[in-house]
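When reading the values below, keep in mind they use all heavy atoms of this one structure, side chains included, and skip hydrogens, waters and symmetry mates. As the structure is a prediction and not an experimental result, all values here were calculated from the model.
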Amino acid sequence: MPAKQLDTDVLAPFLEARELSLVHRYVEMHLKFEALSDMILAFNERSTRVRGMLGEVVASEDGTLVVDASLEGRLAPIEMELASLISFIRPALQTLELASRSVNLDLGIAARKYFRDKHFPKFVPDELAA
């Protein structure tokens, strides 16, 4: 899946309004999203490869998977890659979610100010909506 290009037209009003910090945070969030998407795609590709290899696995009577030594050796490096990817993905998801909430809230506020329209839609975090 090709990377989604950053739509700079969306940022034009914020640049014109000199909301440079907000634009910087938006671009940074976009780049983090792209990196996270790449990691998720890599994780998916490797886990799909493992599932294909598991066709060679036999289950014992108690349900334990029995893997022959040659398959175990081939799986070990992929398991390490998957563990490494997931150790980056989990915290990155949390960080990106917090950043996106903050940026989206500030985009709405800045758009209302720029367009002088108090009805311009803005993001309201769940905890503030109640």
Any donor-acceptor N/O pair, Thr95 side chain to Pro91 backbone, under 3.5 Å: yes
Quick one: do Phe115 and Val10 end up in the same hydrophobic cluster if we chain Ile, Leu, Val, Met, Phe, Trp and Tyr together by side-chain heavy atoms under 4.5 Å apart? no
I'd like to know if the side chain of Ser37 and the backbone of Phe33 have a donor-acceptor N/O pair within less than 3.5 Å. yes
Looking only at heavy atoms, what is the nearest atom pair of Phe120 and Gly108, with distance? CD2-O, 4.5 Å
Given side chains that start at C-beta, do those of Leu31 and Leu6 come closer than 4.5 Å, heavy atoms only? no
Measure the shortest side-chain to side-chain distance between Glu81 and Arg49 over non-hydrogen atoms and say whether it is less than 4.5 angstrom. yes
Indicate the atoms forming the closest heavy-atom contact of Phe14 with Ala111, along with that distance. CE2-N, 3.7 Å
Show the nearest heavy-atom pair for residues Met29 and Ser100, with the distance to one decimal. SD-CA, 3.1 Å
Given the rule that I, L, V, M, F, W and Y join up when any side-chain heavy atoms are under 4.5 Å apart, are Val27 and Leu36 in one cluster? yes
Side-chain donor or acceptor of Arg46 paired with backbone N/O of Ala42 under 3.5 Å: yes
Would you name the heavy atoms of Pro77 and Gly73 that are closest together and state the gap between them? CD-O, 3.2 Å
Can you find a pair of side-chain heavy atoms, one from Ile78 and one from Met53, that are under 4.5 Å apart? yes
Applying a strict under-4.5 Å side-chain criterion to I, L, V, M, F, W and Y, I'd like to know whether Met39 and Val50 cluster together. yes
Taking Asn44 for its side chain and Ile40 for its backbone only, find out whether a donor-acceptor pair lies under 3.5 Å. no
Could you tell me the separation between the CD1 atom of Ile86 and the CD1 atom of Ile89, rounded to the nearest 0.5 Å? 4.5 Å
Shared ILVMFWY cluster between Leu85 and Phe88, side chains joined below 4.5 angstrom? yes
Over all heavy atoms of both residues, which pair between Leu82 and Ser47 is shortest? Give the atoms and the distance, please. CD2-N, 3.8 Å
Report yes or no: do Leu98 and Leu105 belong to one cluster of Ile/Leu/Val/Met/Phe/Trp/Tyr joined by side chain heavy-atom distances under 4.5 Å? no
Is a side-chain N or O of Arg112 found less than 3.5 angstrom from the main chain of Asp117, in a donor-acceptor match? no
Is the shortest heavy-atom distance from the side chain of Asp106 to the side chain of Val103 under 4.5 Å? no
Residues two or more places apart in sequence or in another chain: which of them pass side-chain hydrogen bond (donor to acceptor under 3.5 Å, both in side chains) with Glu16? Tyr114
From Leu11 CG over to His30 NE2, what is the distance, rounded to the nearest 0.5 angstrom? 10.0 Å
